[in-house]
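Below is one structure, written out as structure tokens; the observations come after it.
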Amino acid sequence: MGALPRHQAIVDRLPRLQLGELLIARGLITPKQLNDALEHQKEKGHRRLLGETLVELCFVTDHDVMAAVADSYGIPFARDIARIADPHCLEVLPREYLLEHLVLPLFLVRDMLTVAVAEPANLYLFEEIRRRTNKQVQIVATTPGEIRAALDAYVPAANVFVIDDIVGDVDEQAFSVIEREVAEIEDLREVAGHSPVVKTVNWLLWNAVHEGASDIHIEPGDRRLRVRFRIDGRLFEKIDPPWQMGAAISSRIKIMAGLDISERRKPQDGDIHVMLEGRPIDLRVSTMPSRHGEKVVIRIIDSRASLVPLDRLGMNANILVRWKSVIARPNGIALVTGPTGSGKSTTLYSVLTSMNSTDCNISTVEDPIEATLTGVNQFQVNDKAGFDFASALRAMLRQDPDVLMVGEIRDNETATTAVQAALTGHLVFSTLHTNDSISAITRLVNLGIEPYLVAAVVRGVLAQRLVRRICPHCREPFEPEAHVRAEVEASAGAVEGFVHGAGCARCRSSGFSGRIGLFELLVPDESFTATVARGGTLQELTNIARAAGHQPMRVDGLAKVRMGQTTFEEVVLATSS
């Protein structure tokens, strides 16, 4: 066969008007838009392909172009290929080859290899894949961006680790193999690569994800090494490896995160990307020098846990209906407030997922991106490069967005830009760290936003906390103290019977399994807005909101106690300011 064409654009093999006619026939562009694109090519004097020009002019997306091309060749078009790819299939071709030719093996069924390609007309490429893999090849078309994103997520690079295949034969007895002191850097580098250390770290990561932990704490003490998992907001001791393993384990984690193992006197931060059961999981690593060695905390960002339907967050019917009316507004700012770890990002992801459609341009700027939302443009903050929330938000406003999500409003510049976006017809979602919904109003004023502007743009504020849910496997009736029954019934109505978790093996004897949200929602009415505009105090705003029927979060919590979802103690702990 002849030489293999390299980096050939897909639409290069289609006559210009043929591609245009395909898009017109699919109702994606109008004849006028096609003529405008052809004129644009002539005016600019560049040799950009018609499909690229149409995307540049925002007449279509790259997915629209590729779907039309795939249809013309009679092959399937695939979106979101990272979710359907079998990670074990990726090993049939070298990473360099996949990147060079923008192909992605998806799955193998009875000697038939399905491959996603960005050049459906390149027959030479398919023949070479068949020859290299010795498999029958079936192709589907997708965009170059989809393939690059999937390769970044699935194909191991310098700091991507596949841990599924090396934890099966690990048992806790393997943790006692290393029993010697390691002090020199070269010793640490060598020991950190030993099988027991590698297996220990992988075992910890694997178990933490399977148990739904949000964080792993590795804490060196005086001749003791303690490992704890944070599950449902509480820390549980997992294992006590030999204390001599502390330096080797921390060094192994630092190597995985690309950190400097020779630096043990300063804090360091890094990232690890692992593959577990065919899905990518991001780990945020923080090291801190302590008296007995480096403490390591690993935050687990599991995108599967971040994507919860809006109707399953735990909002009561009244709050859910009113919150849906807030997010249906065409413009303004909607805020979600609460402390770190209260589920704000999960709520915002649920909102964006419910709003996501082909006719809505949604863009986010986050730190970090905790889950991939198909069809949503997500941008990662990079403070070192000067790409902070404010600059990212300004840039997004030039991208013709309909809905914007800013991970957090933490300074005047970000707050000002968000307000300007809301005033110019955009719907903006963001978070604030406040104790309740009403305090978000005064927080914006304290950040330097004029009260009349706050009154003009804020459409709703949802405050929330997370409380532990009673374990369904060991729940049992019990009689609380008299004052507990009195407070619950005064707020939520008569209770036939209280329940709690007795504790069992499935819930680590805690009596709880999973978490549920407590919410309060502020939707400003005319009286409240007028008070905000004239600079009313927090107490004035609270009095006006309460008079209009605003209920604090504890009311929602006590209602969930009455329904047997959580306990009185959990609600009091979460709602005590």
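FYI, the numbering just counts along the sequence from 1. Keep in mind it's a predicted model, so treat the numbers as computed, not measured.
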Could you walk me through whether M315 and L462 pass the side chain to side chain contact (heavy atoms under 4.5 Å, CB included) check? CA-CA 11 Å; M315 298 182 196; L462 182 74; 3.6 Å; yes

Would M256 and L205 count as a side chain to side chain contact (heavy atoms under 4.5 Å, CB included) here? Give the steps. CA-CA 12 Å; M256 294 175 72; L205 298 179; 4.2 Å; yes

Could you go through D269 and R284, starting from their C-alpha distance and side-chain angles, then the distance that decides it, and tell me whether this counts as salt bridge (charged side-chain N to carboxylate O under 4.0 Å, His left out)? CA-CA 7 Å; D269 297 292; R284 304 288 188 257; over 6 Å; no

Verify side chain to side chain contact (heavy atoms under 4.5 Å, CB included) between T575 and V467, making sure each step is shown before the conclusion. CA-CA 10 Å; T575 58; V467 294; over 6 Å; no

L204 vs I239, test: side chain to side chain contact (heavy atoms under 4.5 Å, CB included). Steps then yes/no. CA-CA 9 Å; L204 288 173; I239 58 171; 3.7 Å; yes

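Judged by distance alone, the side chain of T424 and the main-chain N or O of A421 form a donor-acceptor pair under 3.5 Å. In this structure a side-chain-to-backbone donor-acceptor pair under 3.5 Å is present from S325 to R322. Between the side chain of E540 and the main chain of T537, a donor-acceptor pair closer than 3.5 Å is present. No donor-acceptor pair under 3.5 Å is formed between the side chain of N356 and the backbone N or O of L352. A donor-acceptor pair is defined here as one N or O able to donate and one able to accept, closer than 3.5 Å; no such pair exists between the side chain of S576 and the backbone of L573. Judged by distance alone, with hydrogens and angles left aside, the side-chain atoms of S430 form no donor-acceptor pair with the main-chain N or O of L335 at under 3.5 Å. With hydrogens and angles disregarded, no donor-acceptor distance shorter than 3.5 Å links the side chain of H273 to the backbone of I281. A donor-acceptor distance shorter than 3.5 angstrom exists from the side chain of Q378 to the backbone of L373, with no hydrogens or angles considered. Not a single donor-acceptor pair under 3.5 Å links the side chain of N435 to the backbone N or O of G338. Judged by distance alone, with hydrogens and angles left aside, the side-chain atoms of S437 form no donor-acceptor pair with the main-chain N or O of A463 at under 3.5 Å.
Not a single salt bridge (charged side-chain N to carboxylate O under 4.0 Å, His left out) links R291 to another residue, sequence neighbours left out. Considering only residues two or more places apart in sequence or on other chains, R228 meets the side chain to side chain donor-acceptor pair (under 3.5 Å) condition with E219. For R562, there are no salt bridge (charged side-chain N to carboxylate O under 4.0 Å, His left out) partners two or more places apart in sequence or in a different chain. K254 is linked by a salt bridge (charged side-chain N to carboxylate O under 4.0 Å, His left out) to E294, counting only residues two or more places apart in sequence or in another chain. Legend: residues meeting side chain to side chain donor-acceptor pair (under 3.5 Å) with D525, ordered by chain and number and at least two apart, are absent. Residues meeting the salt bridge (charged side-chain N to carboxylate O under 4.0 Å, His left out) test with K32, sequence neighbours left out: D36. For D436, the side chain to side chain donor-acceptor pair (under 3.5 Å) partners two or more places apart in sequence, or in a different chain, are S439. By the side chain to side chain donor-acceptor pair (under 3.5 Å) test, S391 is found to be paired with D388, residues two or more places apart in sequence or in another chain being considered.
The side chain to side chain donor-acceptor pair (under 3.5 Å) pairs that include a residue from residues 456-469 are N331-R459, T347-Q464, R468-E570, where partners are two or more places apart or lie in different chains. Within the structure, salt bridge (charged side-chain N to carboxylate O under 4.0 Å, His left out) contacts touching residues 399-415 (residues at least two apart or in different chains) are R394-E413, E408-R410.
Smallest separation of non-hydrogen atoms from A415 and I409: CB-CG2, 3.6 Å. Between L259 and T287, the closest heavy-atom pair is CD1-CG2, 4.3 Å. Considering every non-hydrogen atom in both E211 and I231, the closest pair reads OE1-CD1, 3.5 Å. Nearest heavy-atom pair, R475 versus P472, reported as atom, atom and distance to 0.1 Å: CG-O, 3.9 Å. In plain terms, the two heavy atoms of G564 and I470 that are nearest each other are O-CD1, 3.7 Å. In plain terms, the two heavy atoms of R443 and T434 that are nearest each other are CB-CG2, 3.9 Å.
For the pair K324/D311, a side-chain contact is recorded, criterion being any heavy-atom separation below 4.5 Å from C-beta on. Looking only at side-chain heavy atoms (C-beta outward), F389 and V381 come within less than 4.5 Å of each other. Counting only heavy atoms from C-beta outward, the side chains of T61 and T358 never approach each other to under 4.5 Å. In this structure, L225 and I249 have side chains that are in contact, with non-hydrogen atoms separated by less than 4.5 Å. Annotation: side chain of V571 is in contact with side chain of R554 (closest heavy-atom distance under 4.5 Å). Residues D271 and D282 fail the side-chain proximity criterion, which asks for heavy atoms closer than 4.5 Å. By the 4.5 Å heavy-atom criterion applied to side chains, S250 and I218 are not counted as neighbours. Counting heavy atoms from C-beta on, the side chains of L522 and I441 come closer than 4.5 Å.
Atoms CD and CZ, on E146 and R79 in that order, are 6.5 Å from each other to the nearest 0.5 Å. Distance check: E263 CD to Q268 CD gives 6.0 Å after rounding to the nearest 0.5 Å. How far CD of E481 is from CD of E487: 12.0 Å, rounded to the nearest 0.5 Å. Here the NE2 atom belonging to H217 is positioned 15.0 Å from the NZ atom belonging to K238, to the nearest 0.5 angstrom. A distance of 12.0 Å separates CD1 in I272 from CD1 in I301, rounded to the nearest 0.5 Å. Rounding to the nearest 0.5 Å places OG of S527 at 9.5 Å from CG of L541.
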Donor-acceptor contacts under 3.5 Å from residues 498-511 side chains, at least two apart:
unit_1: H500; atom_1: NE2; unit_2: E476; atom_2: OE2; d: 3.2
unit_1: R506; atom_1: NH1; unit_2: H473; atom_2: ND1; d: 2.9
unit_1: R506; atom_1: NH1; unit_2: H473; atom_2: NE2; d: 3.3
unit_1: S510; atom_1: OG; unit_2: C507; atom_2: O; d: 2.6
unit_1: S510; atom_1: OG; unit_2: F512; atom_2: N; d: 3.2
unit_1: S510; atom_1: OG; unit_2: F512; atom_2: O; d: 3.1

Show every donor-acceptor pair shorter than 3.5 Å between a side-chain atom in residues 444-457 and any protein atom, with sequence neighbours excluded, or say none if there are none.
unit_1: N446; atom_1: ND2; unit_2: T442; atom_2: O; d: 3.2

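When each of M405, M396, Q380 is checked for a side-chain contact (heavy atoms from CB on, under 4.5 Å) with T364, only M405 meets the rule.
Ionic pairing of E370 and R299 is present here: one or more N-O contacts between side-chain nitrogen and carboxylate oxygen are shorter than 4.0 angstrom.
Applying the 6.0 Å contact sphere to CD of E496 captures no more than 12 heavy atoms from other residues, nucleotides or ligands.
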